[in-house]
Amino acid sequence: ARRVQRKRYASSVCNGNAVVATEGDLALGATESEWCNQTLKASGASLRSMHHAVRVARTIADLQGVASIELSHLTEAWSLRCPDLFSPRW
């Protein structure tokens with residue numbers, strides 16, 4: 001995955017998916033964008049947490065050798081987040 005990322009970001013200041021400089025690197029299709037919107041509404045999560053999941057999905061796609069982020073990458077990335085993040089802490 002790091003080799004793919006180095007090649008993708010060779011002419012950029014960022015050095016990997018964790019520090020993506022342009023949103024074009026994280027482009028999503030219509031289905032994937034709709035899934036993100038529905039998941040954000042249903043979970044009450046922040047846009048920042050979804051952006052993090054999309055970056056993780058980009059890495060998963062890199063590991064699988066896929067050029068674009070697919071729905072399966074997003075669902076896997078979303079499932080890896082901390083489940084206690086949104087639970088009340090009282």
Side-chain angles (χ1 to χ4, degrees):
R2 293 295 293 166
R3 199 173 351 181
V4 172
Q5 292 170 22
R6 280 190 205 106
K7 184 178 178 181
R8 179 183 303 121
Y9 304 120
S11 63
S12 175
V13 294
C14 74
N15 59 5
N17 293 337
V19 193
V20 176
T22 63
E23 291 302 315
D25 297 326
L26 300 176
L28 300 174
T31 304
E32 292 78 15
S33 292
E34 182 60 29
W35 180 86
C36 288
N37 289 333
Q38 289 177 356
T39 302
L40 280 174
K41 288 177 186 173
S43 69
S46 68
L47 188 58
R48 182 175 184 257
S49 64
M50 182 56 75
H51 188 256
H52 177 75
V54 172
R55 291 191 326 253
V56 172
R58 173 72 265 166
T59 300
I60 294 169
D62 289 343
L63 288 169
Q64 292 181 355
V66 180
S68 61
I69 299 171
E70 298 172 355
L71 188 56
S72 62
H73 305 135
L74 286 169
T75 56
E76 182 177 354
W78 191 253
S79 72
L80 296 173
R81 76 194 203 320
C82 179
D84 294 334
L85 186 62
F86 303 109
S87 62
R89 300 182 194 269
W90 48 71

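Just so you know, these numbers use all the heavy atoms, side chains as well, and skip hydrogens, waters and symmetry mates.
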Could you list the donor-acceptor pairs under 3.5 angstrom formed between side-chain atoms of residues 65-74 and any protein atom two or more places apart in sequence or on another chain?
residue : atom : partner : partner atom : Å
H73     : ND1  : E70     : N            : 2.9
H73     : NE2  : Q64     : OE1          : 2.7

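In this structure E76 satisfies the side-chain hydrogen bond (donor to acceptor under 3.5 Å, both in side chains) test with no other residue, sequence neighbours excluded.
Considering every non-hydrogen atom in both I60 and A77, the closest pair reads CD1-N, 3.9 Å.
At a cut-off of 3.5 Å, with distance as the only test, a side-chain donor of R55 or H51 sits close to an acceptor on the other residue.
Residue pairs meeting the side chain to side chain donor-acceptor pair (under 3.5 Å) criterion with at least one member in residues 29-39, sequence neighbours excluded: E34-Q38.
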